[in-house]
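Report on one structure; see the data block that follows.
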Protein chains: 2
Amino acid sequence: MFNRRSFASYDTSSTDHLRFISDTVLGQMGSGPFGLQAELSKLTAQEIMDAKALAASKSHSEAERRRRERINNHLAKLRSLLPSTTKTDKASLLAEVIQHLKELKRQTSIIAESSAIPTESDELTVDNEEDEDGRFVIKASLCCEDRTDLLPDLIKTLKAMRLKTLKAEITTLGGRVKNVLFITGDDQELNRDDDEQQQPHEYFVSSIQEAFRAVMEKSNGDESSPGSVKRQRTNINII
Amino acid sequence: MFNRRSFASYDTSSTDHLRFISDTVLGQMGSGPFGLQAELSKLTAQEIMDAKALAASKSHSEAERRRRERINNHLAKLRSLLPSTTKTDKASLLAEVIQHLKELKRQTSIIAESSAIPTESDELTVDNEEDEDGRFVIKASLCCEDRTDLLPDLIKTLKAMRLKTLKAEITTLGGRVKNVLFITGDDQELNRDDDEQQQPHEYFVSSIQEAFRAVMEKSNGDESSPGSVKRQRTNINII
DNA sequence: GTCTACACGTGAATC
DNA sequence: TGATTCACGTGTAGA
C-alpha cells in the first residue's frame, strides 16, 4: 500500500519509482554478495509485480480519464444547447438544464392540447366543457401510436360506459394518431340541475380517463403489428 | 507531502497519525534529555500544524462531497424528468438528456411556427407562399417582447421596402407579441412571369428577414420602457 | 480474471 | 486569505 502510493504522483516515470525502491531496500539490508543477489532477484520480482501493477493502474486511470471526458463532452453539448450560458459552473449548468427542460415540456404540453396534430409523445387529457347551448360536454384528447383496433376499442369503451360521442376529430400523421372526442352521457346521467353537479362530473372525467388510459396502454403493448402503412396523413371529421 | 499522504486513507484517526510521526522521528534522533525536549516541542508544533492541515483537509473533502452531492441530485432530477429511464449510466443519461432536449426544441419550433400564440423565445421566419389566386405572397412570422414602437417600426420598414401588407395577425400575451404578416410587393416588383422568378423572391425573403431582425433587436435593446400594461391579451386582425 | 462505473480525497487554480 | 470548482488517480463493487 505504501509503494502503491509512491507512484501515485502524476508524472513519476517507472524507472524513477524502481530506483527509489532499490535505494531504500539496499540501505536497510546487508550488502554481502549473497544478500545482494537475493535482494536483486527479489527486486526483479518486485519489478515485475510493480510493472504489472503500474500497467493495470495506468489502464485504469486512462479508462477513468476517458469516462470523465465523455461526461464533460456531454456537459459541453448541453451548455451549447442552453439559451443563457451565464453560469459556467457544472452544478448550475445542470440546474439550468432541468429548468429549461421543464419549461419546454410545459410549452409543448400547452400547445399540444390546443392543436389537432398528433405529437411524438403519448398524451391523454379529459376535461369538462360547455357547449354553445350551455349543456355539459366532456372533451377528451388522446394521442398515441396508431393501430387498427384503436378506434373500435374506443367505440366499445364508450358504448360500455353508456356515453355518446357528439363529435370526433381524428388525425393521423406518421403512424401516430390524435383523437379529440366531445362526449356526453345519457340525459338522465349528465346535465342534472341539482347542487351536486361538480362531483358526478369529476367522477365521469376520471373514469373516462382511466378507461382511455387502458385502451392506450393496450395499444402500447401491441408491438407485433408492424404498422404497415406509415407516413400517410388522413383527417377525418365525424359529426 | 509524505505525512500528508499518511492520513489520506479513509478513516485513519488523528492520534494514529501523530503516533506514527513520533515513532519515526524519535528513532532517528538522539535520545538525550535535551534533544528529546527539543523534539517534543517540535512535535507539538508539528501536531498543531498537522491539526490545522487535517482540519483544512477535512473541510475541503467535506466541501467536495457536498459539491458531488449537488451534482448527483441534479442528475437524479434529470433522470426523473426523462421518459425512458433504461440506462442508469451517468454519461448515457446525459446523452439522453441532450437527445430529449433537441427533440423538444424541434417540436416547439415546428408547432410555434403554425401557431398564433406568442412564445417565450424570440423567433423570426420568412417564407414564400402562394395565395388562393396563385399570386406570390411572403409570410413573415415574428415573435418578440412587446413595446410601443414595434408596430410603427414594422410599418416604417415595410414602407421603406415598398412592400404591401395584405393581412396581419397580431397577438399579444403576457407582454410578448406575435405578428404574422402576409406581404406582397408592388406589382411591378413581384409576380413577374419570367424564368428568373425564384432568385428575386429569395432576395426579397432574405432582405425582409434582415430588416425585421433589426427591428426585433432594436426591441431587445429598449430596456428603459417598463412595458407598463402587461398580462392583458389582445387579438387584432387587420385585413 | 478483465471491464466498467462510481465515490472518494487530494492538488491546483481561480476568485 | 479561505472558499469553491475542477481534474486526477485510486479503492471498490458489479457484470
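Order of the sequence lines fixes the chain letters, A, B, ..., with proteins taken first and strands second; residue numbering starts at 1 for each chain.
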Whole-Å distance separating the [atom1] atom of [X] from the [atom2] atom of [N]:
| X | N | atom1 | atom2 | value |
| --- | --- | --- | --- | --- |
| E64(A) | dC6(D) | CD | P | 16 Å |
| I71(A) | dC6(C) | CD1 | C1' | 9 Å |
| R70(B) | dC8(C) | CZ | P | 15 Å |
| L94(A) | dC6(D) | CG | P | 10 Å |
| N72(A) | dC8(D) | CG | C1' | 12 Å |
| R67(B) | dA3(D) | CZ | P | 17 Å |
| L75(A) | dA7(D) | CG | C1' | 13 Å |
| E69(B) | dC8(C) | CD | C1' | 13 Å |

For residues F204(A) and I183(A), determine if any side-chain heavy atom of one lies less than 4.5 Å from a side-chain heavy atom of the other. no
Validation row: L82(B), L93(B) side chains within 4.5 angstrom (heavy atoms): yes
When L142(B) is tested against each of V180(B), D122(B), V215(B), L154(B) for side chain to side chain contact (heavy atoms under 4.5 Å, CB included), which residue passes?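 It is L154(B), the one option of V180(B), D122(B), V215(B), L154(B) that forms the side chain to side chain contact (heavy atoms under 4.5 Å, CB included) with L142(B).
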First encountered from the 5' end of DNA chain C, between H60(B) and S59(A): S59(A)
Where each residue is assigned the nucleotide of DNA chain C containing its nearest heavy atom, which of E62(B) and T88(B) is assigned the position nearer the 5′ end? T88(B)
Between dC6(D), dG9(D), dA7(C), which nucleotide has the shortest distance from any of its atoms to the side chain of S61(A)?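 Of all the options, the side chain of S61(A) is nearest to dG9(D).
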N or O in side chain of [X] less than 4.0 angstrom from [N] OP1/OP2:
| X | N | value |
| --- | --- | --- |
| R65(A) | dG9(D) | yes |
| R68(A) | dA5(C) | no |
| S57(B) | dT10(C) | yes |
| K90(B) | dA7(C) | yes |

Measure the CZ-CD1 distance between R66(B) and I71(B) for me, rounded to the nearest 0.5 Å. 13.5 Å
For R66(A), answer base if it contacts any base atom (sugar-phosphate contacts may also be present), sugar-phosphate if it contacts only those atoms, and nothing otherwise; contact means non-hydrogen atoms under 4.0 Å. nothing
Atom NZ of residue position K105(B) - does it have more than 12 heavy atoms of other residues, nucleotides or ligands inside 6.0 Å?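 More than 12 heavy atoms, drawn from other residues, nucleotides or ligands, come within 6.0 Å of this atom.
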